2 protein chains.
Amino acid sequence: MDVANQINASHANVNQEQRQFEQKHFIEEVGLLFEMVGLPRMAGRVFGWLLISNPPYQSPGELAAVLQASKGSISTMTRLLVQIGLIERISLPGQRRDYFRIKLDAWSELTKQRMAQITAFRRLAERGLELLHDEEPNLRRRLEEMRDMHAFCERELPLMIERWEQQRLHSQ
Amino acid sequence: MDVANQINASHANVNQEQRQFEQKHFIEEVGLLFEMVGLPRMAGRVFGWLLISNPPYQSPGELAAVLQASKGSISTMTRLLVQIGLIERISLPGQRRDYFRIKLDAWSELTKQRMAQITAFRRLAERGLELLHDEEPNLRRRLEEMRDMHAFCERELPLMIERWEQQRLHSQ
DNA sequence: TAGAATGTTTAGTAAATACTGAACTCAGCA
DNA sequence: TGCTGAGTTCAGTATTTACTAAACATTCTA
């Protein structure tokens with residue numbers, strides 16, 4: 001190996017390390033963001049790596065190695081992420097191992113998921129109004145507000161998702 | 001007290017107890033729902049009681065008594081709820097004590113709050129795309145999807161809140 | 001200015017949760 | 001039929017979080 005090649009190799013190494021550093025940073029940030037929305041940090045790390053990995057599908061073993069986590073943790077987190085619709089399990093033809101990858105419609109899935117919570121809030125407001133059924137209107141207002149706002153979202157959010165999916169189809 | 005009055009009083013007592021039972025049930029349900037969206041259960045209890053209490057404003061002491069919680073816990077939870085915009089502190093004229101009550105626009109506040117998270121997700125997607133800047137398009141697609149969906153929500157949600165507030169003004 | 005009543009801060013505890021590591025299961029192969 | 005290699009389940013640990021209780025601060029009253 002001549003000097004020029006050595007330098008090139010050394011540069012390549014620096015770039016490689018720099019790249020890995022940035023990847024790890026990215027993964028940690030996704031982890032923190034997931035924690036912010038009430039999901040386990042490790043689920044965020046798995047998701048984060050699947051967002052930037054090459055190839056875009058990864059086996060549980062690869063995930064455990066890259067994220068330096070136990071196989072058990074990976075198993076739990078992939079199950080969770082599949083359950084909430086953010087990733088999916090795929091089996092490539094001619095290979096016995098299973099892989100995981102980001103679901104392309106992950107985000108509209110997530111919004112649909114949130115609809116259940118909104119419905120729960122609307123129902124709770126209605127139960128509260130039953131409790132106050134013989135009270136004066138201004139005591140009932142706060143609960144009516146809560147009910148109406150959530151009913152509004154229950155109507156509007158599906159329309160919004162529809163508009164999004166329409167727009168996506170168009171641009172492709 | 002004659003027999004008829006005794007019976008009436010007894011009935012009233014039963015109703016009173018029934019009512020309190022239903023109130024406590026309601027409070028607990030709000031607590032559980034709050035836990036579901038990643039907030040402390042006690043914050044949900046405070047919010048739940050403020051939804052059905054009469055009068056609609058309550059002092060920290062009253063909250064502690066009704067919810068059978070420590071003053072410290074109430075203090076922390078009211079601070080949290082004020083911070084995320086679900087309740088507000090009011091001081092009635094001629095009274096030194098402060099009270100808390102549900103903010104009437106609590107729900108649009110909450111949606112605005114979520115905008116920050118959506119922006120964070122969009123920014124993260126953009127950072128990811130920088131990491132993959134020289135990769136092939138199909139590797140970049142998952143991140144573009146994430147970026148575009150969140151950018152879409154950043155545009156649409158404020159419009160939705162606006163429509164809601166418009167509609168609310170109309171119906172009042 | 002002392003005293004009482006109310007609310008906040010903080011140190012400590014109890015409970016929930018995330019994560020690990022080992023045992024177990026299952027599929028392919030010698 | 002054992003053996004290897006990958007993945008899941010589960011029991012245990014360690015960390016975080018929610019909550020309490022007591023000390024402290026503040027403001028009105030005597």
Side-chain angles (χ1 to χ4, degrees), chain A residues 24 27-50 55 57-84 86-101, chain B residues 24 27-50 55 57-84 86-101:
Chain A
K24 293 210 168 165
I27 289 169
E28 285 309 308
E29 283 212 61
V30 181
L32 289 175
L33 204 48
F34 265 57
E35 214 163 50
M36 259 184 58
V37 301
L39 290 166
R41 185 180 294 195
M42 188 60 80
R45 293 203 187 100
V46 170
F47 192 78
W49 177 235
L50 287 177
Y57 47 85
Q58 300 276 304
S59 72
E62 289 167 333
L63 289 169
V66 170
L67 305 174
Q68 297 166 75
S70 69
K71 292 187 293 173
S73 188
I74 298 298
S75 182
T76 309
M77 293 308 145
T78 48
R79 184 152 25 90
L80 172 70
L81 288 170
V82 166
Q83 198 231 315
I84 62 179
L86 281 178
I87 69 174
E88 61 191 344
R89 183 190 295 264
I90 54 169
S91 48
L92 299 180
Q95 293 202 245
R96 61 196 173 92
R97 283 161 74 194
D98 279 353
Y99 294 88
F100 295 98
R101 73 166 172 212
Chain B
K24 293 211 168 164
I27 289 168
E28 285 309 308
E29 282 210 62
V30 181
L32 289 175
L33 203 48
F34 265 58
E35 213 163 51
M36 260 185 57
V37 301
L39 291 166
R41 186 180 294 194
M42 189 61 80
R45 293 203 187 100
V46 170
F47 192 77
W49 177 237
L50 287 176
Y57 47 84
Q58 301 275 304
S59 72
E62 288 167 333
L63 288 169
V66 169
L67 304 175
Q68 297 164 76
S70 68
K71 294 185 292 174
S73 189
I74 299 298
S75 182
T76 309
M77 294 308 147
T78 48
R79 183 152 26 89
L80 173 68
L81 288 169
V82 166
Q83 198 231 313
I84 63 179
L86 281 177
I87 69 174
E88 61 191 344
R89 184 189 294 264
I90 54 169
S91 47
L92 300 178
Q95 292 202 241
R96 63 196 174 92
R97 282 162 73 194
D98 279 353
Y99 294 88
F100 296 98
R101 73 167 172 211

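Convention: sequence-line order gives letters A, B, ...; per-chain numbering from 1. Since we're looking at a predicted model, the values are computed, not measured.
Rounded to whole Å, the distance from CG on A:Leu80 to C1' on C:dC19 is 14 Å. If you measure from atom CG of B:Leu81 to atom C1' of D:dA18, you get 14 Å, rounded to the nearest angstrom. Here the P atom of nucleotide C:dT6 and the CG atom of B:Leu63 are 14 Å apart, to the nearest Å.
The minimum heavy-atom distance linking A:Val46 with A:Met77 is given by the pair CG2-CB, 4.2 Å. Taking each heavy atom of B:Gly44 and B:Val30 in turn, the nearest pair found is O-CG1, 3.2 Å. Residue B:Arg41 comes nearest to B:Leu32 through the heavy atom pair NH2-CD2, 3.6 Å, listed as atom of the first residue, atom of the second, then distance. Heavy-atom minimum distance, A:Ser91 versus A:Asp98: CB-OD1, 3.4 Å.
Proximity of residues 30-45 of chain B to DNA chain D (heavy atom under 4.0 angstrom from any strand atom) is restricted to B:Pro40, B:Arg41, B:Met42, B:Arg45.
Within the 3.5 Å criterion, the main-chain N or O of A:Ala69 finds no donor-acceptor partner in the side chain of A:Ser73.
Atom CZ of A:Phe100 sits about 11.5 Å away from atom CD of A:Glu62, to the nearest 0.5 Å. If you take CG on B:Leu63 and NZ on B:Lys71, they are separated by 13.5 Å, rounding to the nearest 0.5 Å.
A:Phe47 is linked by a ring pair (Phe, Tyr, Trp, His ring centres under 6.0 Å) to A:Phe34, A:Trp107, counting only residues two or more places apart in sequence or in another chain.
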- [ ] Starting at the 5' end of nucleotides 7-13 of chain C, put B wherever the base has a protein heavy atom under 4.0 Å, S where only the sugar-phosphate does, and a dash everywhere else.
- [x] BBB----
